[in-house]
Amino acid sequence: MGEGGSTTLLTFSLFCFTTFLSTLSLSTDTLTTSQLLTTNQTLSSRNAIFQLGFFSSTNSTWYLAIWYKTTHDEDGDKTVVWVANRDTPLENPTGFLKISNQGNLVIIDQSQKPLWSSNQTTTNENPVLQLLDSGNLVLREANENDPTKFLWQSFDYPTDTLLPGMKLGWNLDTGSEKHITSWRVTNQDPSSGDFSFKLDYRGLPEIFLYNKGERIYRSGPWNGERFSGVPEMQPVTDSIKFTFFVDQHEVYYTFSIGNQSLFSRLCVSSVGELQRLTWIQSTQAWNKFWYAPKDQCDIYKECGPYGICDTNASPVCQCVRGFRPKNPQAWNLRDGSDGCVRNTELECGSDRFLHMRNVKLPETTSVFVNRSMDLTECGDLCHGNCSCTAYANIEITNGGTGCVIWVSELLDIRQYPAGGQDLYVRLAASDVDDIGFEGVSDKANNTAKVVGIIVCAAAFILLVLGICILWKKRKLQWILKGKSEHRGFPERSQDLLMNEVVFSSNREQSSERNLDDLELPLFDFNTITVATNNFSEEHKLGQGGFGSVYKGRLMEGQDIAVKRLSKNSGQGIEEFKNEVKLIVKLQHRNLVRLLGCSIQMDEKMLVYEYMENRSLDAILFDKAKRSSLDWKRRFNIICGIARGLLYLHHDSRFRIIHRDLKASNILLDREMNPKISDFGMARIFGTDQTEANTMRVVGTYGYMSPEYAMDGIFSVKSDVFSFGVLVLEIISGKKNRGFYSVNKELNLLGHAWKLWKEENALELIDSSIDNSYSPSEVHRCIQVGLLCVQERAEDRPTMSSVVLMLSSDTASMPQPKNPGFCLGRNPTETDSSSSKQDESFTVNQVTVTMLDAR
Ligand SMILES: *[C@@H]1O[C@H](CO)[C@@H](O)[C@H](O)[C@H]1NC(C)=O
Ligand SMILES: *[C@@H]1O[C@H](CO)[C@@H](O)[C@H](O)[C@H]1NC(C)=O
Ligand SMILES: *[C@@H]1O[C@H](CO)[C@@H](O)[C@H](O)[C@H]1NC(C)=O
Ligand SMILES: *[C@@H]1O[C@H](CO)[C@@H](O)[C@H](O)[C@H]1NC(C)=O
Ligand SMILES: *[C@@H]1O[C@H](CO)[C@@H](O)[C@H](O)[C@H]1NC(C)=O
Ligand SMILES: *[C@@H]1O[C@H](CO)[C@@H](O)[C@H](O)[C@H]1NC(C)=O
């Protein structure tokens, strides 16, 4: 009570103070009916954690917002967590916030008109507005502190961020719903963007990520400990607690944090990524410790009905056992979206169930749910209803409880190496080959048999163990000790609050540790020799800096491309194998798939899928062929490369910088879809070389960013530079290197930049493209290209912004500054003919040529 009294006194004295000097910043956490909050004033929560005030966007429009008082983002901007008037900004800073006579919270603009209102309807005597330390802005009766009696609270109207204590979900009694929606441009434009994270309460509730109303990712249902589709989420720890609440009145997801000085928030970014960010005191930066969608298998319905997506399989889409691809042609081209169909139709009474382990449960929007049934009852119920296609436990806690039954197609199943759930899928008896299947009929008999077998097996194991212990006691102890040391991640728990990260790094470790257990896709050398007709000249596709490439056909009829690496790559066999194992896991529709490798003595070979249309440069720079690339195709190629590169840069498991992106490394499949090749080759050859060689700059002149060519500094931004060059080449049909213009001083970048400044950018477009292009699209691509090749790496956009800029004609784009290497074409360049496209330069050579140029 004493505390309450003193705050009132404090508030009162501050109140007097501020009414006299209304332009001073309000250092209090409350606003009364007689006060205004102008655009240069703020409220601070009691312990100075959050601040309420106005901020101006890049568009110089003004928004009322709440932000963390002590944190900032990469650019030093405020970490905004809530915006009141996101879609009705103030046009200039003369507006203010006040509590209206009706007790509403209103923002008044310069013409004294209400621009935004909290629209709450209950009238009251003496309302005050208070910013709490939780980040909740509440309107309440002055002497009412009971949270259930608040008149209005910002926590009921989330923007793009879920703070601890905020709920995402439904109040089923009032029909009100809370979800988060991205900003139009993160950190720049807070107006409502395309992406929302929204709970669907039907069936077994799940949360979906939407892009303009279309589902693109789902969390999977809550299984008592975590979401079925987020196996890396750990059970409750001391610091952070995830809650999923379901009853007949309310369904919501929320989380809480034990210690208020730890900041963690969930938000959806303007490029459609769901992120959990945590503030790290020591580095003073927000750390992204979990995000989704992470990979191809997170894409909603990637493998269609009855398909299973498994990132460790090749191809990622597989059919549930007893099913086959519905559209084998598309399936073989790695488009799994049509899904699978049954080999044998169901017969109902005699059907049996396939036990699948460690899966993300199929979509549960239209399922039947009974939380009090156990698995046996659930199986019986499913068996007895002919339209039931699968069943599972709802919760995994207490050995599994509750019953969920699917009565339609099974959508969006995903296989995990660990951490998923059990699912029982109905199959016709004739598709069953007893192993791994659990019949539902004769259950009692079976149970008895199973118990008998388990008892026998356990007795046998004990006996063997006993013998071992007596015989080799010390050795066994050693083995067990070794095992438990390996498992040591719970001890590394100084940041257990980030349970998602702890888990994912643990997973990463365990997957690396288990690399040896994984099957390395190894091709027999003889197979390769036969497939390529003993590496004959007519099978040779080309020669690159790292070796030669051959076309081959396996006995099964699959076409492959074999890259025979030069023997002096300086890398050991083990390192090579480990790299291959990593890269085999990279899977994206815009990356050429590495199928495996072959090792014979010290000779190393990489086996890729074969691309019918070979490489982009062979078409783009060929007078006869390039007219086959109309604008639609070129735009598709640009977007595809951008997506592939985004995947390389942002896949959390191993961020990959390509380092040698160029037209000859873009391969085209039958439909002219682009696939980046040689990704990770830079990594294979770059990072694991001997000391003397690590200074080698690998790459191709004309595509290298200035800081990389000059100083050997490479980052994702050097790939962005190469991407920009590629974009301009695709648009113009001309090579940056070896470009001639009327003005001999300029290379392609300089030429494009000149046209841009003269506002004639569209002149850049290849004359062999007919008039069927959209000028605004071409213009946008040129602008993106120029932004990517800007001289200063920090000015260049990231690939995620590039993808956004390419995909949306409303995204705001900065004006490009001058490109790197714009002037001074190198005189010695002229004689290094374009036939030698693939040579790699060392940093010395490049430095020399650069010096020549000056
Ligand atoms: C704050 O804004 C008010 C009105 O918009 C103005 O009169 C005052 O000078 C400003 N104060 C400061 C410190 O900028
Ligand atoms: C800038 O403001 C105008 C007018 O309010 C709006 O139409 C436009 O979309 C805004 N652009 C950005 C990038 O915020
Ligand atoms: C308040 O109500 C008005 C009129 O119905 C509506 O235009 C406005 O969007 C509402 N404001 C909020 C914040 O919901
Ligand atoms: C909360 O965290 C801070 C900093 O990490 C620490 O100093 C403080 O003791 C913690 N408080 C509690 C109650 O655990
Ligand atoms: C759920 O299952 C229990 C146990 O079998 C049964 O008593 C109850 O009626 C079922 N509830 C519904 C809604 O079907
Ligand atoms: C099977 O289950 C579905 C969903 O609960 C129900 O609509 C249907 O009536 C059931 N069919 C039979 C034959 O029990």
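Along the sequence shown, residues are numbered consecutively beginning with 1. Atoms within each ligand, like the ligands themselves, are counted from 1 in listed order.
- Protein heavy atom at the shortest distance from atom 5 (O) of ligand 5 is E377 OE2, 3.7 Å.
- Classification of the Y253-F242 ring pair by plane angle, with boundaries at 30° and 60°, yields parallel.
- A disulfide bridge does not connect C297 to C303: their SG atoms sit 2.5 Å or farther from one another.
- Of all protein heavy atoms, the one closest to atom 4 (C) of ligand 6 is V407 CG1, 3.9 Å.
- Salt bridge status for D351 with R426: present, with a side-chain N to carboxylate O gap under 4.0 Å.
- Under the 4.0 Å distance rule, the nearest protein heavy atom to atom 7 (O) of ligand 5 falls outside the cut-off.
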Step-by-step ring pair (Phe, Tyr, Trp, His ring centres under 6.0 Å) determination, F353 to Y391: CA-CA 9 Å; F353 288 88; Y391 68 95; 5.1 Å; yes
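- Residue S372 approaches ligand 5 through these ligand atoms, each under 4.0 Å from one of its heavy atoms: 1 (C), 2 (O), 3 (C).
- Below 4.0 Å from some heavy atom of N385 lie the following atoms of ligand 6, by number and element: 1 (C), 2 (O), 3 (C), 8 (C), 10 (C), 11 (N), 12 (C), 14 (O).
- Within a 4.0 Å radius of atom 11 (N) of ligand 6, the protein has at least one heavy atom.
- Checked against the 6.0 Å centroid threshold, Y157 and W152 count as a close aromatic pair.
- In this structure, cysteines C319 and C340 have SG atoms closer than 2.5 angstrom.
- Interface atoms of ligand 6 facing S387, defined by a heavy-atom separation under 4.0 Å, are 1 (C).
- Under the 6.0 Å distance and 45° angle rule, K198 does not count as a cation-pi partner of F208.
- Of the protein's non-hydrogen atoms, N370 ND2, 4.5 Å is the one closest to atom 13 (C) of ligand 5.
- Near M373, with a cut-off below 4.0 Å to any heavy atom, the atoms of ligand 5 are 2 (O), 5 (O).
- The protein reaches atom 2 (O) of ligand 6 closely, with a heavy atom under 4.0 angstrom from it.
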